[in-house]
There are 2 protein chains.
Amino acid sequence: MPRPTIDDVASLAGVSIKTVSRVVNREPNVREVTRDKVEKAIAELHYSPNPSARNLASHRARLIVLVYDDPGAYQAPSAGYIINMQQGALKACRTAGFELLIHPCNYRNRNVGKDLQELIGRVRPAGIIVAAPLSNMPKIVNAIKATKAPCVRLSTGSGNGKEYSVATNDREVSAEMTRFLASLGHRHIAFIKGNKRHKAVSNRFDGYRDGLKQAGLEYSESIVADGDNSIGSGEECAEKLLRRPDRPTAIFCANDDMAAGVLRVATRLGIDVPGQLSIAGCDDISLAQQLYPALTTIRQPLSAMAATASLALVDGARGNPPKPKLETIPGSIQVRESTGPAPK
Amino acid sequence: MPRPTIDDVASLAGVSIKTVSRVVNREPNVREVTRDKVEKAIAELHYSPNPSARNLASHRARLIVLVYDDPGAYQAPSAGYIINMQQGALKACRTAGFELLIHPCNYRNRNVGKDLQELIGRVRPAGIIVAAPLSNMPKIVNAIKATKAPCVRLSTGSGNGKEYSVATNDREVSAEMTRFLASLGHRHIAFIKGNKRHKAVSNRFDGYRDGLKQAGLEYSESIVADGDNSIGSGEECAEKLLRRPDRPTAIFCANDDMAAGVLRVATRLGIDVPGQLSIAGCDDISLAQQLYPALTTIRQPLSAMAATASLALVDGARGNPPKPKLETIPGSIQVRESTGPAPK
DNA sequence: TTGTACGCGTTATCAC
DNA sequence: GTGATAACGCGTACAA
């Protein structure tokens, strides 16, 4: 038995297909009784519209593309980061009846822009979500904008007032984490910076300085190190920092991977965590809980951010484009085992 | 400027649209010269077929659905596991001009079967890939089979000779790992079993026993523990195992998460790894390399498996369904820091 | 408020 | 080998 079509529904309900279409698409100008009749027919036949036919007729697919940096590549965000975003986007898409297409891509590749445009031209998605750090790269962003397809960028670091984008309050919550460390008695709090192309990550450094000031502590460039978001760079920075005569008693890292690197070095050097050294990260990737001791970190609401972005795109496809603004979803501190009172 | 259509190509090449269609779909019965003309026109116009129109007319989408257990749920496989599969499937899909739809689902949910059928009916994918442990659950598998959509199951544990499926040589490579541990001088090699619903995981236990026999070691039920694939269960089993008077000098776990749990307990108990205890896992999820010491494990070729499954589905959509067989892709041992010579 | 008729860009069935 | 022409299932001016 073939799937029921809109015609089947129409004849069963005794109306025209246009009316069915109106009901299905929640358009106005349908009488209550008519709507009920149609909905009953839909239920009876288990009708659901054919997406291909819809797309063909409307020139737009009920589909959202999630673009992010390829985890197979160098310096890529970790798997948990991606899975979280996917989850959020999927959840929002499902309740809206949209599908999610994932599109990891390597920004080091010459053809990323062209590939992206080709994809967009082919599938005609209702919208595109671009994750950090891709969301801050002109090459990527401009290529997408050229297609005129609706696009929401994640964690761009700062809004420009001209478009809708979604971010978290990195700076504020990083300041909060710094104050938290200070409240534990730490006075030498080091910081490991992350990838500079990732603006949201550099916001965390600003937050660190804010927190220092708020806690009445002095900023010292000598206990700030330059990482690149990878575990390896976390190890390198840790070795440098921990070899100093005035060794910091706490290290705050711009992401969890680097914090994991610091933890590795501490374990190797026989430095007790959190007894002699407190470590804090950012992102709350699943690794954070799997380490021993489990990492104190900042939970970035990636899932909620992706869901919010998806929703905005879905609404846009339905004729309600979001107002230009930077939507901020607050992160929160997760205190676990890697932080404790400062040693005497 | 709107996208070129098949009509544009046809008129530019001076042929009918049916001929263009033949060329695009690589059908026979087209003269060499005609084909060239058409291909030139296609190149000149940068033409690419509209997927929605194709799907509508052919009743099938150029799309593959990847179904796996929801990572948000209890006992779920880790993020790295999923990302790996996605990567493999995506790679194969891209070169074939197909898209990948991801569909995490929670098998504990009452409606998984119905939801799956609804999805399949809606998008009409060219095929479906079902990952373990879902691939071994009748509820899921039967629901998909009822739709008649082509389906390839991953890691079903054993082939039934009636269908095409893809797996790895869990048993053989687990035996190899056991022999490897034995070759390091270990004579008390414990094993932590995994989720029983995951057949491929239980194959590893069989491999363990094979390896023991091959190494001339005796099997003892007393140093085998029952885990459930989670980190927590790894910890529980480890505490039991490590408290025994005849403490094992090596613990081989049916997956990496449980091995991570064992490592946590060892660290907590002050047992040196690998000096006093060797630990080995299975799967080579990214966590394995991030731990300290990094985990010796078995690399499961998930990416290659997913790619192979995708390819089979794509071929099937093109009229070349794969022969019924269990396609086996070999795994390999990754020796890292968590294993070493047995203590005296 | 509701319906008619056409178009969307393919594939597929025939006839030539 | 090649080409009209009818589906495919839905959206949408436009008419009623």
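Below, chains carry the letters A, B, ... as their sequence lines are ordered, and counting in each starts from 1. Computed over heavy atoms, backbone and side chain alike; hydrogens, waters and symmetry mates excluded.
When the nucleotides dG7(C), dT10(C), dG9(C) are ranked by their closest atom to the side chain of Leu56(B), dG9(C) comes out on top. Nearest nucleotide to the Val15(A) side chain, out of dC8(D), dG3(C), dG11(D): dG3(C). Closest approach to the Ser16(B) side chain among dA4(D), dT2(C), dG11(D) is made by dA4(D) (side chain taken as heavy atoms from C-beta onward). Of the candidate nucleotides dG11(D), dT1(C), dC8(D), dG11(D) has the atom lying nearest to any side-chain atom of Ser21(A). In this structure, of dC8(D), dG3(C), dT11(C), it is dT11(C) that holds the atom nearest to the side chain of Arg62(B). Comparing dT2(C), dG9(D), dG3(D) by their closest approach to the side chain of Val30(A) singles out dT2(C). When each of dT2(C), dC10(D), dT2(D) is scored by its nearest atom to the side-chain atoms of Arg31(B), the top-ranked nucleotide is dT2(D). Distance from the side chain of Tyr47(B) is smallest to dT10(C) among dT11(C), dT10(C), dG3(C).
Atom CG of Asn25(A) is separated from atom P of dG9(D) by 17 Å (rounded to the nearest Å). Between Ile42(A) atom CD1 and dC10(D) atom C1' the separation is 13 Å, expressed in whole Å. For the pair His59(A) NE2 and dC6(C) C1', the interatomic distance rounds to 13 Å; values are reported in whole Å. dG7(C) atom C1' lies 18 Å from atom CZ of Arg54(A), rounded to whole Å. Straight-line distance from the CZ atom of Arg122(A) to the P atom of dC8(C): 22 Å, rounded to whole Å. Whole-Å rounding puts the Ile6(A) CD1 to dT12(D) P distance at 11 Å. As a whole-Å value, the separation of Glu27(B) CD from dT2(D) P is 13 Å. Distance, Asp7(B) CG to dT5(D) C1': 13 Å, rounded to whole Å.
Heavy atoms of Val24(B) sit nowhere under 4.0 angstrom from any nucleic acid atom. When heavy atoms are screened at a 4.0 angstrom cut-off, Thr34(B) is found touching the sugar-phosphate backbone but no base atom. Among the atoms of the strands shown, only primed sugar atoms or phosphate atoms (P, OP1, OP2) are found under 4.0 Å from some heavy atom of Thr19(A). Looking at heavy-atom distances under 4.0 Å, Asn55(A) makes no contact with the nucleic acid at all.
Side-chain contact between Thr168(A) and Pro330(A) is absent, with no heavy-atom pair separated by less than 4.5 Å.
Arg22(A) and Thr34(A) share no donor-acceptor pair across their side chains, judged by distance under 3.5 Å alone. When only modelled atom types and interatomic distance are considered, Thr19(A) and Arg35(A) share no side-chain donor-acceptor pair under 3.5 Å. A donor-acceptor contact under 3.5 angstrom links the side chains of Asn106(B) and Arg108(B), judged on distance only. In this model, a donor atom of one side chain and an acceptor atom of the other lie less than 3.5 Å apart for Asp70(B) and Gln87(A).
Contact check, Asn50(B) against dC8(C): no side-chain N or O comes under 4.0 Å of OP1 or OP2.
Residue Leu101(B) holds its CG atom at 11.0 Å from CD1 of Ile120(B), rounded to the nearest 0.5 Å.
Between Ile17(A) and Arg22(A), the residue anchored closer to the 5' end of DNA chain C is Arg22(A), taking for each the nucleotide with the nearest heavy atom.
Evaluation of atom-type donor-acceptor distances gives no pair under 3.5 Å for the side chain of Lys18(B) against the base of dA4(D). For Arg3(A) against dG9(D), a side-chain-to-base donor-acceptor contact under 3.5 Å is absent.
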